[in-house]
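Below you'll find the structure, written out as structure tokens, and then a few comments.
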Amino acid sequence: MSLEDLERCPSACCAFVGGKRVLPWRITLRYRLANPGAEDVSINFVDSTTGRRTHPVWVRSLTDGKRKGRDYHKTVYGRFPRSVVDPETAILTETADVPFSLFVVAVKISSPFKRVRIPCFSWVTKAQGERIFLGGVPRLPKDVPAPVYELQKAELEVIRTRDGKTRSGNERIFDYDVYNDLGQPEGPLKRAILGGSKESPFPRRLRTGRPLASDGKTETRDVDLFWVPEDDAFAPEKAAGVSERQAVNLDRAAAAVRHYGGPRGAFTDIDNVSEMYDPAPSGPGFPLPRVYENRPDAWKTDKEFGRQRIAGMNPSTIEAINALPKGSAISDLHVTRTLLEGETLSDRLKTGRMFIVDYSLILPLVGAINSQPGLAPRFLYASRCLLYAKNDGGLIPVAIELMLPCDSGAISEVYTPKNSLTEWTLAKANFASLDFGVHELYSHFTRCHGCTEPYLIATRRNVSSSHPLYRLLLPHFKDTLSINSGARKDLIAAGGNIEQLATPGAVIHDVLGALYSKLWRFKTEGLPADLIKRKMAKARKGGDWRAGDVELVLKDYPYAEDGLLIWSALHKWVSSYLSLYYKYDSDVLGDVQLQGWWEEIKNEGHPDLVAFGIASEEEVWPELKNASDLTYILVTIMWVASGHHAAVNFGQYDYSGYVPNIPSYIALPMPKPETIKTDPDVLDEQAFLRTIAPPILAAGAASVVETLSTHGEGEEFLGDEIPHWLVDRRAEIALGDFRREIQRIEKRIGKRNRDGSNPARFFPYTLLIPNLPKGVGVPSATGRGIPNSISI
């Protein structure tokens, strides 16, 4: 029988070709082409047991493959010796003389006795030489046959290369570096280097290796060299969609500036602000933020202000307290019985029904922020907001403390609802503006984007693609390096979006380091631990708090209520998944790739807190000794990348897109009473509008946050269809259970939002609803949907 006969009759159990007994294998390559010109790819298969390599199987004329959607499929037949029974490793070599980009999704091979799926998800080019892809059921290193283990090591050695060179093109090299590419070495754009010092601690980023500037420390900011590996870059359609969204929003911002009379234009009154928005989402103006839509005056109320601390865009900074912070100027003299439904502040504190959002840690940086040179004035107070839970539900602010630094510590002014409406509204605006800054710099960028990047780098560098951990985490890292690279280029760069549009201005890098130093500890990044740390929840007696079995102190807390549903579902899914591979504690302790991954995250990805004595290792890091420890660590990483990021990202426009609700920028200090209208029930709109961001900054901020609040092309959500990277039927069954639980959670959240007895859901809390509304695709800004990863 010839090979041609075998191709005509692939179902034959075996055949003799050239006098040797062979098995027929049907080989299907699934791939994408970025540009025409693709010719041939050769594939060698390696037997998992013997290490024997087959002769090359050629897949020719790739542009002629059958196309379905964006993927091509091409099937060929190969003849393998009878001794090759487990060909679970593929070695691909692209041979075209014409350069082209081939994205290999998967290789599937089958015979009458065996089916093998090899997930790839990688760009293959001739310059890379041989590419090794490991398929089959995930295995721990101890269970990997020696021949395949050697191939794993060879693949990881390429990825772990440390050669000091500038990274470019289609390289697949992952390493760490400090944030030394945010500014210039000298002049007005000189900025602190984030990471590598006690003064500015920070997690590490992906090393790009660009040449250093004249100071020998700062990387040059060549805009063409904000490099990310091709496998981690935006897909072309997503990159085009994000660019288009940015262009649309820049046009909207420019139109708004023109509408208000140019760069120096001003709002004439509160109603005039609404002219920035167009009721039609595709209209010439910005879409209506949901906080304003159908209830244009809600932002003024204390009820709405309090609700946003637990169900707005920054719901994870509130704490329960039983005593006022040391040094606070707030007292019973300010917060009287009339504000607390007849009780004293002392009594309320004893019963645990007082809450605080405390940003006093910003105080040491306030002087630098307020003394910045520039055309536009800016002013920031360190601040605290004290709130109480009403007897009939709801959270109400009762005092705001605004602080400025002085030689003896702080000069404080305390404002309460007993002040004039103008003073109280301005105090809330000052607090909300600082909350915006803390949200953007810590709750959003640092906790999500910055802290996740080292997990991704460590996973690529230490864990084989056939390892269970790699297969589990891969979807939760999709597009993260690409969006983070864009953030370094524009969002947090010197002179970038945040510096221009937020009150901290050019001091944001000092703020980033200070917040990371004071607030971030991996141990408390998981939702249950975070709630317990902030005294917003208690561990149930006899329950497993790490699985989400906690009791909320504030019953009506949508972020925590809905978040715990997501956390518990993730915990159950990850626990079930890991049980397939880690049977004993010794399997965790003896997994060299896993332990190397964890040590590298601690010592190279997030080294500063321990290395500079800011916190002890016990304070920052949990142990990794058994499957329970590993489950908590992985769920923490997955929760931050999915649920937490969704909660703090996709509501940005709905809340801060309407500038009176959350002004990104404060221009002036609190006015003296004699300079404003002090009627108890009348807002001095001119005094208010002079203080908050003018149209040019309000439109600029709206432009940025609307883009960030939009789900992009190719988004993958929690509970989407079972992906083909697991390659283990047992794991796919467990993931199916998770998907069904996500669907049940969506219904439970919907029911909670329809329950009129929940004051915090007067405005439905949708940010942790896992999927988009039926019939709504991407791109879209819907204020709901939990992507698997930090992808925008």
Side-chain angles (χ1 to χ4, degrees), residues 88 106 108 115-119 121 134-144 455 459 463-478 526-528 543-549 562-588 591 593-594 597 624 626-643 646 716-749 768 770-771 786-789:
E88 294 182 344
K108 294 182 181 180
R115 291 178 182 269
V116 178
R117 190 168 49 184
I118 303 174
F121 301 100
L134 305 160
V137 174
R139 292 188 178 100
L140 301 183
K142 71 181 182 65
D143 299 321
V144 175
Y455 313 148
T459 302
V463 183
S464 161
S465 60
S466 63
H467 193 287
L469 183 143
Y470 186 97
R471 301 270 180 92
L472 177 70
L473 288 181
L474 186 64
H476 296 281
F477 295 147
K478 182 177 185 283
L527 180 59
D544 182 2
W545 66 266
R546 295 206 293 189
D549 190 9
D562 297 353
L564 285 169
L565 294 178
I566 302 296
W567 174 275
S568 297
L570 283 169
H571 192 278
K572 184 177 180 180
W573 148 233
V574 173
S575 180
S576 298
Y577 176 81
L578 294 179
S579 70
L580 301 175
Y581 312 105
Y582 294 96
K583 303 299 184 183
Y584 309 101
D585 291 350
S586 58
D587 292 338
V588 173
D591 186 341
Q593 292 185 3
L594 171 67
W597 168 82
L624 177 51
N626 53 50
S628 179
D629 295 340
L630 179 56
T631 298
Y632 179 75
I633 289 168
L634 294 178
V635 176
T636 295
I637 291 171
M638 294 160 68
W639 158 254
V640 170
S642 58
E716 296 175 359
F717 296 91
L718 279 183
D720 272 354
E721 291 293 330
I722 295 176
H724 42 263
W725 36 260
L726 289 178
V727 196
D728 187 339
R729 180 58 182 159
R730 301 169 303 164
E732 289 175 352
I733 291 171
L735 183 57
D737 292 339
F738 172 70
R739 293 184 61 230
R740 285 185 286 276
E741 181 61 21
I742 288 294
Q743 292 168 2
R744 287 190 287 268
I745 287 171
E746 190 159 323
K747 293 178 181 178
R748 288 186 67 180
I749 294 174
L768 289 175
N771 292 296
I786 304 177
N788 282 321
S789 63

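In this structure, the side chains of L140 and L594 stay at 4.5 Å or more apart for every pair of heavy atoms.
The pair E88-R117 does not meet the salt-bridge criterion, since no charged nitrogen lies less than 4.0 angstrom from a carboxylate oxygen. Of the charged side-chain nitrogens involved, at least one lies within less than 4.0 Å of a carboxylate oxygen, so that D629 and R546 count as a salt-bridged pair.
Residues F717 and P770 share a closest heavy-atom pair of CD2-O, 3.8 Å. For E732 against V727, the heavy-atom pair with the smallest separation is OE2-N, 4.2 Å. Across R139 and V144, no two heavy atoms sit closer than the pair CB-CG2, 3.9 Å.
To the nearest 0.5 Å, atoms CG (L570) and OG (S575) are separated by 12.0 Å. Here the CG atom belonging to L718 is positioned 5.0 Å from the CD1 atom belonging to I742, to the nearest 0.5 angstrom.
Between the side chain of Y577 and the backbone N or O of P468 there is at least one donor-acceptor pair closer than 3.5 Å. At least one donor-acceptor pair closer than 3.5 Å links the side chain of Q593 to the backbone N or O of S464. With hydrogens and angles disregarded, a donor-acceptor distance shorter than 3.5 Å links the side chain of S789 to the backbone of K478. In terms of modelled atom types and a separation under 3.5 Å, the side chain of D591 and the main chain of V588 share no donor-acceptor contact. Looking only at distances, no side-chain donor or acceptor of S642 sits under 3.5 Å from a matching main-chain atom of H476. A donor-acceptor distance shorter than 3.5 angstrom exists from the side chain of K583 to the backbone of S579, with no hydrogens or angles considered.
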**OP:** Using the side chain to side chain contact (heavy atoms under 4.5 Å, CB included) rule, take Y455 and L634 through it: C-alpha gap first, then chi angles, then the decisive distance, then the call.
**Re:** CA-CA 10 Å; Y455 313 148; L634 294 178; over 6 Å; no
**OP:** May I have the step-by-step check of ring pair (Phe, Tyr, Trp, His ring centres under 6.0 Å) for W639 and Y632, ending in yes or no?
**Re:** CA-CA 10 Å; W639 158 254; Y632 179 75; over 10 Å; no
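Aromatic ring centres of W597 and Y470 lie farther apart than the 6.0 Å criterion allows.
No more than 12 heavy-atom neighbours from other residues, nucleotides or ligands sit within 6.0 angstrom of CZ on R748.
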